[in-house]
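First up is the structure itself, then whatever we jot down about it.
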Amino acid sequence: MAALKGDSIMDDNKALFDYWHNRVQLKNHAKIAAIAQHIPTQVLRHEYTNYDLLWQSAEVQKLTEPERSRVIAIIKYECTTKVLQYRAGCLRDRANEFEDAYQEIHQQKSQLFRLIKVLQEKLFGKDQQLQSLETRITSLLAENEALRSEIESNKAAEELHKELEQLKKQYDAVEKRRRELAKNNQSLGGRVAHAQRYKKERDEARALVEEQKHQILSLTAENQQLRATNEQFLRKLKKLSAVESTLG
């Protein structure tokens, strides 16, 4: 739109605002962003926009009242809004930069404190650390000895398992022999009594075998767990020995 066209423009507020919005220009951009102190709105409008050029232009001055005052008010609004928005964006960017710088400094400060703490521990806490390590090593040695005893106990459990398997084989042989004897028994009463006695003995033997099986499984699982724990403590001992060598 090269120029205002009488009443048609005056009646169309949006078109009028858009027209002057596009004519507004900012100046001294770097200075707007650089000044952190408060700048009065009228100073921003006069010194950092082309507000004076716009309202004093022949295009505006040739208008008659009240249209001219209305257009000047619109120009003032658009110049003020544009420069304030630009300055707010600049200040927001600077605030973000300051926040980022603060976070970086805070992070570096935290890292420095951690480094100082580590150095202090190395300088002043070496004796205490050595004493703690010695106490821990003594404790681990005692635990390791206890594990060795438990491992020996588990070995005994494995031997018991083997003996139980052998007893089961012997029981099966006896049971087979009893079945053969039962078949040769010619007396019905004797066969009935023998069958009842055999059934009772068989049930008791089976119950004993099942119980021993459960005990063997429990002992085997406990043995595996103890072995794993022992290996873990052995690894810890090696690490502690390495730490002691380093501190020494």
(message) For the CD atom on Gln225, are there more than 12 heavy atoms of other groups (residues, nucleotides or ligands in this structure) within a distance under 6.0 Å?
(response) no
(request) Answer whether the closest heavy-atom distance between the side chains of Glu175 and Asp172 falls below 4.5 Å. (result) yes
(request) Answer with yes or no whether the hydrophobic clustering places Val24 together with Leu53; edges join I, L, V, M, F, W, Y residues whose side-chain heavy atoms lie under 4.5 Å apart. (result) no
(request) Could you pull out all residues at least two apart from Asn28 that satisfy side-chain hydrogen bond (donor to acceptor under 3.5 Å, both in side chains)? (result) none
(request) Count the heavy atoms of every other residue, nucleotide or ligand shown that sit under 6.0 Å from CD of Gln56, and state whether that count exceeds 12. (result) yes
(message) For Glu165, is there an ion pair with Lys168 - N to carboxylate O distance below 4.0 angstrom?
(response) no
(message) Between Glu201 and Arg178, does any NZ, NE, NH1 or NH2 come within less than 4.0 Å of an OD or OE carboxylate oxygen?
(response) yes
(message) Let me confirm one number: the CD-NE2 distance from Glu210 to His214, rounded to the nearest 0.5 Å.
(response) 5.5 Å
(request) Is it possible for you to say whether Tyr86 and Val43 belong to one hydrophobic cluster, with membership spreading through side-chain heavy-atom contacts below 4.5 Å? (result) yes
(message) In the structure I gave you, are the side-chain heavy atoms of Lys200 and Arg197 within less than 4.5 Å of one another anywhere?
(response) no
(request) May I ask you to test the Val83-Leu26 pair for a side-chain heavy-atom distance under 4.5 Å? (result) yes
(message) Any salt bridge linking Glu59 with Arg23? Criterion: basic side-chain nitrogen under 4.0 Å from a carboxylate oxygen.
(response) yes
(request) Please round to the nearest 0.5 Å and tell me the distance separating atom NE2 of His21 and atom CG of Leu16. (result) 13.5 Å
(request) First locate atom NZ of Lys27, then atom OG1 of Thr49, and finally report the distance between them rounded to the nearest 0.5 Å. (result) 6.5 Å
(request) Give the C-alpha distance, both sets of side-chain angles, the deciding distance and a yes or no for side-chain contact (heavy atoms from CB on, under 4.5 Å) between Trp20 and Val60. (result) CA-CA 11 Å; Trp20 289 110; Val60 175; 3.5 Å; yes
(message) Can you confirm whether Arg235 sits close enough to Lys238 that some side-chain heavy atom of one is under 4.5 Å from a side-chain heavy atom of the other?
(response) no
(message) I need the Lys109 NZ to Glu104 CD distance, nearest 0.5 Å.
(response) 15.0 Å
(request) Could you walk me through whether Arg68 and Glu65 pass salt bridge (charged side-chain N to carboxylate O under 4.0 Å, His left out), step by step? (result) CA-CA 5 Å; Arg68 180 168 56 198; Glu65 294 295 344; 3.1 Å; yes
(message) Applying a strict under-4.5 Å side-chain criterion to I, L, V, M, F, W and Y, I'd like to know whether Ile216 and Val209 cluster together.
(response) no
(message) What verdict does the side-chain hydrogen bond (donor to acceptor under 3.5 Å, both in side chains) test give for Glu99 and Gln103, after you've listed the backbone C-alpha separation in whole Å, the side-chain angles of each residue and the deciding distance to 0.1 Å?
(response) CA-CA 6 Å; Glu99 178 66 21; Gln103 292 297 334; 2.8 Å; yes
(request) Would you confirm whether Arg87, through its side chain, and Ile32, through its main-chain N or O, come within 3.5 Å as a donor-acceptor pair? (result) yes
(request) Report yes if the side chains of His46 and Asp52 come closer than 4.5 Å at any heavy-atom pair, otherwise no. (result) yes
(request) Look up atom CD in Glu78 and atom CG in Asn22, then write down how far apart they are to the nearest 0.5 Å. (result) 8.5 Å
(message) Contact between Gln232 and Lys236 at the side-chain level, heavy atoms closer than 4.5 Å - yes or no?
(response) yes
(request) Supply the atom-to-atom distance Cys79 SG to Leu44 CG, rounded to the nearest 0.5 angstrom. (result) 11.5 Å
(message) So does Gln215 get a backbone contact from the side chain of Ser218, meaning a donor-acceptor N/O pair under 3.5 Å?
(response) no
(message) Within a 6.0 Å radius of atom OH on Tyr77, are there more than 12 heavy atoms belonging to other residues, nucleotides or ligands?
(response) no
(message) Which label fits Tyr51 and Trp55: parallel for a plane angle under 30°, tilted from 30 to 60°, or perpendicular past 60°?
(response) tilted
(message) Tell me if a side-chain donor or acceptor on Asn230 pairs with a main-chain N or O of Leu226 at a distance below 3.5 Å.
(response) no
(message) Under a 3.5 Å distance rule, please check whether Asn223 uses its side chain to pair with a backbone N or O of Leu219 as donor and acceptor.
(response) no
(message) If you count every heavy atom of other residues, nucleotides or ligands that lies below 6.0 Å from Lys31 atom NZ, does the total exceed 12?
(response) no
